[in-house]
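Working notes, beginning with the structure itself.
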Amino acid sequence: MPAVRRGQAFSYPEDFLSVDLTLLVIMAIAEVLRLYLGVRGNLTEEEGLLGLSLVMTVGSVFLAVYFLVWQTYVLKTDIILNTVLLLLYGIESILKVSAIAAFIS
């Protein structure tokens, strides 16, 4: 885990390390649930599941922005990966909205 390695490589304040690791675990769990709901909603053509996945995307965007801007140590790798992640969230959101519109009509 990158955050644990960071805690060993840099002088990481203990209270901030626990916050960063907790948010990383929350983000991982939320991503699995968000992707499951998106795939399930798309395969079954259910607007509700896709809409819930879209709402969860907003939470994932906030977590990605946290890791991009506010985490204790922001490395160049973090900037690149989180920027790509935010770009993919945007594309995915547009596709989800268009899929919901197609399922409704």
Side-chain angles (χ1 to χ4, degrees):
M1 293 182 71
V4 173
R5 171 133 167 72
R6 249 183 239 159
Q8 294 170 352
F10 301 112
S11 61
Y12 219 93
E14 287 293 324
D15 49 340
F16 293 129
L17 179 61
S18 62
V19 170
D20 286 350
L21 284 175
T22 302
L23 288 176
L24 187 64
V25 169
I26 289 171
M27 185 175 187
I29 293 169
E31 281 296 303
V32 170
L33 183 59
R34 183 185 68 80
L35 291 172
Y36 173 76
L37 289 173
V39 168
R40 178 83 181 197
N42 191 30
L43 291 176
T44 59
E45 295 185 2
E46 290 187 37
E47 304 89 21
L49 291 177
L50 274 178
L52 187 57
S53 177
L54 189 62
V55 168
M56 289 188 71
T57 301
V58 174
S60 295
V61 166
F62 284 127
L63 286 170
V65 168
Y66 170 82
F67 286 114
L68 181 65
V69 179
W70 295 304
Q71 78 176 324
T72 306
Y73 290 112
V74 180
L75 304 177
K76 189 172 186 173
T77 306
D78 292 321
I79 294 171
I80 294 168
L81 289 176
N82 282 307
T83 302
V84 169
L85 183 63
L86 289 170
L87 177 69
L88 291 174
Y89 282 156
I91 294 169
E92 183 178 340
S93 296
I94 292 169
L95 292 173
K96 281 181 187 177
V97 168
S98 66
I100 290 171
F103 295 158
I104 289 175
S105 60

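Quick note: numbers below take in every heavy atom, side chains included, and nothing from hydrogens, waters or symmetry partners. Here the structure is a predicted model, which means the values were calculated and not measured.
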Might you point out which heavy atoms bring [X] and [Y] nearest each other, and give the distance in Å?
| X | Y | result |
| --- | --- | --- |
| Ala64 | Leu86 | CB-CD2, 3.8 Å |
| Leu50 | Gly41 | CG-C, 4.0 Å |
| Thr72 | Pro13 | CG2-CD, 4.2 Å |
| Thr57 | Ser93 | CG2-OG, 3.6 Å |
| Ala30 | Met56 | O-CE, 3.6 Å |

Could you check whether any side-chain heavy atom of [X] comes within less than 4.5 Å of a side-chain heavy atom of [Y], counting everything from C-beta outward?
| X | Y | value |
| --- | --- | --- |
| Val19 | Tyr66 | yes |
| Leu17 | Tyr73 | no |
| Thr22 | Ile26 | yes |
| Leu21 | Val25 | no |
| Leu87 | Thr83 | no |
| Phe67 | Leu81 | no |

Not counting sequence neighbours, list each pair that qualifies as a salt bridge (charged side-chain N to carboxylate O under 4.0 Å, His left out) and has a residue in residues 42-57.
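Sorted pair list comes back empty.
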[X] and [Y]: same hydrophobic cluster, using ILVMFWY side-chain contacts below 4.5 Å?
| X | Y | result |
| --- | --- | --- |
| Leu63 | Leu88 | no |
| Phe62 | Met27 | no |
| Leu95 | Leu54 | no |
| Trp70 | Ile79 | yes |
| Tyr89 | Leu23 | yes |

Examine distances only and state if a side-chain atom of Asp78 and a backbone atom of Val74 form a donor-acceptor pair shorter than 3.5 Å.
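A pair under 3.5 Å: no.
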Under 3.5 Å, is there a donor-acceptor pair between the side chain of Ser53 and the main chain of Leu49?
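No, because the side chain of Ser53 does not come within donor-acceptor range (under 3.5 Å) of the backbone of Leu49.
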Spatial distance of atom CZ (Arg40) from atom CG (Leu33) [nearest 0.5 Å]
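Arg40 CZ to Leu33 CG: 12.5 Å, rounded to 0.5 Å.
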Got a second to check how far Gln71's CD is from Leu24's CG, nearest 0.5 Å?
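The CG atom of Leu24 is 8.5 Å from CD of Gln71, to the nearest 0.5 Å.
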Please step through side chain to side chain contact (heavy atoms under 4.5 Å, CB included) for the pair Ile100 and Ile104, ending with a clear verdict.
CA-CA 6 Å; Ile100 290 171; Ile104 289 175; 3.8 Å; yes
